Each structure stands twice: as C-alpha cells, then as structure tokens.
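In this chain, residues are counted from 1 in sequence order. What you see is a predicted model, and the numbers here were worked out from it, not measured in a lab.
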Amino acid sequence: QVQLVESGGGLVQAGGSLRLSCAASGRTFSSYALGWFRQAPGKEREFVAAISRSGGRTYYTDSVKGRFTISRDDAKNTVDLQMNSLKPEDTAVYYCAGREGRYYSVLAVDYAYWGQGTQVTVSS
C-alpha cells in the first residue's frame, strides 16, 4: 500500500501561481500511475491531470490545459502540479491519487490510493 501526502496549497490572487507536491511512502512509487483531482464546495470531485507510470504520457482536463503541468520524480517519490494563471474557479481542495499499473485514468473510482487533500483558494 502507498501513502500519499499533499502540500503546497494556499491563498493566491487570480493570475498567480502555486506548486502542489504529493509525497509518497510505502510500496514502490514507480509502479503507480498518478493523478490530481479537485473538489469544490457543493460539487463532485473532478479530474484535473494525470501522468503515466513511466512519466511519458500526461493528460489534462480542458479547463487547465496550458496552465497546469503535472510531473513526477521517482527518485524522490513525488508528483507535482505546477499551477499558473490561476483563476477563482480553480478554488478547491486538491487531491493526489495513485493507481497500480501503467496507465492513468480520468475516473476517481479507478484510483485506490488518495491523499488527504490540500486547499487552494484563488481570490479575484
């Protein structure tokens, strides 16, 4: 089993940047495809970005393409989400998630491991 812990959330003005990081411990990190999801108050958890086990493939939801970048460092057991040009609608609790296997998924139900979440608030 892998344990995931997010960090890096906070309050930022619209147009600003934040970098979220997710540190993993436990079983072999490099065996997992990884994703970032977010959940705003009163809304369902939604997919944000994902990266394959090898790191060679990434995928983003349309609303963050060109603004967010997901990356992984298997030597450090971390997966990061660089968020630029932030908008108030990006405000949410952000979660990292892991699933065993080569390929990522955009579905939350496909991920077995989750962090506790980190709050991102973007003021207008």
Taking all non-hydrogen atoms of both residues, which atom of [X] and which atom of [Y] are closest, and how far apart?
{"X": "Ser124", "Y": "Pro88", "answer": "CB-CG, 3.8 Å"}
{"X": "Leu18", "Y": "Leu86", "answer": "N-CD1, 3.8 Å"}
{"X": "Ala23", "Y": "Thr78", "answer": "CA-CG2, 4.3 Å"}
{"X": "Leu4", "Y": "Ala24", "answer": "CD2-CB, 3.6 Å"}
{"X": "Ala50", "Y": "Ser105", "answer": "CB-O, 4.4 Å"}
{"X": "Asn84", "Y": "Ser17", "answer": "OD1-OG, 2.9 Å"}

Evaluate the side-chain proximity of [Y] to [X]: yes if any heavy-atom separation is below 4.5 Å, no if none is.
{"X": "Glu6", "Y": "Tyr94", "result": "no"}
{"X": "Val79", "Y": "Trp36", "result": "yes"}
{"X": "Thr91", "Y": "Gln119", "result": "yes"}

Measuring from [X]:[atom1] to [Y]:[atom2], what's the distance to the nearest 0.5 Å?
{"X": "Phe68", "Y": "Thr58", "atom1": "CZ", "atom2": "OG1", "answer": "14.0 Å"}
{"X": "Ser63", "Y": "Lys87", "atom1": "OG", "atom2": "NZ", "answer": "7.5 Å"}
{"X": "Cys22", "Y": "Asn77", "atom1": "SG", "atom2": "CG", "answer": "10.0 Å"}

Query raised in the report: Can you check side chain to side chain contact (heavy atoms under 4.5 Å, CB included) on Met83 and Asp90, steps first, answer last?
Result: CA-CA 9 Å; Met83 305 186 296; Asp90 294 318; over 6 Å; no
Query raised in the report: Any sub-3.5 Å donor-acceptor pair from Arg72's side-chain atoms to Gly55's backbone N or O?
Result: no
Query raised in the report: Is Arg57 reaching over with its side chain to a backbone N or O of Tyr104, donor-acceptor style, under 3.5 angstrom?
Result: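 Absent.
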Report summary line: Applying ring-ring contact (aromatic ring centres under 6.0 Å, His included) to Phe37 and not counting sequence neighbours gives Phe47, Tyr111, Trp114
Report task. Before accepting this row, confirm whether a basic side-chain N of the pair Lys65/Asp62 lies closer than 4.0 Å to the acidic partner's carboxylate O. Result ->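 Looking at Lys65 and Asp62, the cut-off is met.
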Report task. Find out whether the Lys NZ or Arg CZ of Arg67 is both under 6.0 angstrom from the six-membered ring centre of Tyr60 and within 45° of the ring's axis. Result ->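 Not flagged: Arg67 not positioned over aromatic ring of Tyr60.
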Requested in this report: Count the heavy atoms of every other residue, nucleotide or ligand shown that sit under 6.0 Å from OH of Tyr59, and state whether that count exceeds 12.
Outcome: no
Report task. Say whether Tyr113 and Ile51 are linked into one hydrophobic cluster, either directly or through other cluster members, by side-chain heavy-atom distances under 4.5 angstrom. Result ->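 In one cluster with Tyr113: Ile51, yes.
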Query - Tyr95 reachable from Val109 in the ILVMFWY side-chain graph, under 4.5 Å edges - result: yes
Query raised in the report: Passes side chain to side chain contact (heavy atoms under 4.5 Å, CB included), Leu34 versus Phe29? Steps please.
Result: CA-CA 9 Å; Leu34 301 158; Phe29 182 76; 3.3 Å; yes
**Report entry** Arg19: partners by side-chain contact (heavy atoms from CB on, under 4.5 Å), with sequence neighbours left out
**Finding:**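 Testing Arg19 for side-chain contact (heavy atoms from CB on, under 4.5 Å), a comparison that skips the adjacent residues, returns Ser71, Asp80, Gln82.
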Query - Pairs touching residues 42-53 that satisfy salt bridge (charged side-chain N to carboxylate O under 4.0 Å, His left out), sequence neighbours left out - result: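 Only Arg38-Glu46 qualify under salt bridge (charged side-chain N to carboxylate O under 4.0 Å, His left out).
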